[in-house]
Amino acid sequence: MSTTEARPALEFRGRMLSVSLLRIHSNDLDEIADSLRTQLTRSALLRELPVALDLKPQIIDVDGLLQVLRREHIKVIGAVRGAASMEAAVRRTGLAVIQDPGSRGRDEPPVESAPPPEPAAAEAAPAPAEPQAAAPAPAQGGAEPFRVQLHETPVRSGQQLYIRNGDLTLTAQVGAGAEVIADGNLHIYGVLRGRAIAGAQGDTAARIFCRSLQAELVAIAGTYMVADDIPADMRKRAVQIRLDKERLVFEALD
Amino acid sequence: MAKIIVVTSGKGGVGKTTTSASFACGLAKRGHKTVVIDFDVGLRNLDLIMGCERRVVYDFVNVVHGEANLKQALIKDKRIENLYVLAASQTRDKDALTEDGVKKVLDDLAKDFEYIVCDSPAGIEKGAFLAMNFADEALVVTNPEVSSVRDSDRVLGLLQSKTVGAKAGQPPKEHLVITRYSPERVQQGEMLSIEDVKDILAIPLIGVIPESKTVLNSSNAGTPVILEDNADAGQAYEDVVARFLGEDRPLRFVSSERKGLLSRLFGD
């Protein structure tokens, strides 16, 4: 892409960050402080450690807990989704609530709209869900096994197919105005006319493979390219797209 | 059990109502008891195309609201046995239809009819959704141009994800109807070809209706074009009905061979 364009003062990038999860097993603040000090003396690495609070267990005194943690130089950067009441309590303290894909149910349908209006998972429609803005929240993976999802029907204009924590193999086409997104790689055997986003959680090693590249936009780990900028000699060809030092590289496969 | 067929497209002006009218006529002509319903509440047209606009007393909305019964609202076609029209209301808006109300009317019609043809309004809002919601099969009407094809792709997505059938794991069976096809303009590159459209939408083609002056004339006269025996478009609709009922018929009116020869002679 052009390097001559003026660079904006800031930009948002999709990145997968590794953050430790802190789960408390007690609501006794003194007990927590004691336990923390013991563990800190054992491992200096814990000092200044950025952590996200696990909201699964009920935390009765969020403010008190945060004070204890701050005193011991634990950097709490946010909290991971739990009950709505807990989330509200955390938000009041100014912390962010982060969505954690690993904490979700295993039997959740693989195909769903990306931004989670909470009960969306209940609508286990076989076809992809309706359009919505993209960009899943950055979150800590790990707990959920990596999966490869096979999808055999066309992804139509206005639809979005998101494979959380996995690869997508699509044997049909992606219509103009449709969007396929995966945290891993995309393999598209039909014509790719819509948008293809691989490495949605920031995996820079993710790749896009397609049999006929006619995409409106392709992106890997937040680095994107629109149709106008995609090399013309790659159009309608079988192509693999990978990321090399924050630049998208297109390679013909045939 | 009655079969519910939605005629839909997303984009307006592509020939949904023309197709609904001719398709319903064609089914009825072959002896199948058929009703065609105008879902375009507020912008009713079907009664005009069917030539029964002066006999509308009660309409679809009246029935949905229980202000009239089906018997009062169904308009019997004067030309064809077995054919009935349920007109839309011009004075109400799409919110006058409710999912439950539509379902009840369709259930009642299903006791009496073999085929229920739902003429969808343009767009993807409530009216269009209610028209497709209970469909067993869908005729997706598309003009051979990019915006129409894109909108049809969108509608296909809705058929496959939002309808009652889709939610039960049995989405409506889809058929592609390409209308206003002009082989000459395709040759000149001004229109998408049949192959282009099929390639983008990836559903089975059930018919190609050629661009034809007869369609406009017969619409103005209130005669579904399928009843014009000499018109290309009418015969093409006849083919659509035959294929829908399981016959195997070759595509007609899709090449410009005759014209091609002439233009070669006169050097176009």
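Proteins get letters first, then strands, A, B, ... in listed order; numbering begins at 1 in each.
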For [X], I'd like to know if atom [atom1] has over 12 heavy atoms of other residues, nucleotides or ligands within 6.0 Å.
{"X": "B:Gln170", "atom1": "CD", "answer": "no"}
{"X": "B:Asp248", "atom1": "CG", "answer": "no"}
{"X": "A:Tyr189", "atom1": "OH", "answer": "no"}

Please table the atom pairs, donor to acceptor, closer than 3.5 Å between any side-chain atom in residues 122-132 of chain B and protein atoms at least two apart or in another chain.
from, atom 1, to, atom 2, distance (Å)
B:Lys126, NZ, B:Leu97, O, 2.9

Which heavy-atom pair separates B:Ile203 from A:Arg156 by the least distance, and what is that distance?
->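 In terms of heavy atoms, the two residues are closest at CG2-NH2, 3.5 Å.
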Closest heavy-atom contact between A:Ser157 and B:Arg150?
-> OG-CD, 3.5 Å
Given that the side chain runs from C-beta out, which part of B:Asp199 has a heavy atom under 4.5 Å from chain A: side chain, backbone, both or neither?
->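 Interface part for B:Asp199: both.
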Roughly how far, to the nearest 0.5 Å, is CD of A:Gln173 from CG of B:Asp153?
->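 Interatomic distance, B:Asp153 CG to A:Gln173 CD, rounded to 0.5 Å: 6.5 Å.
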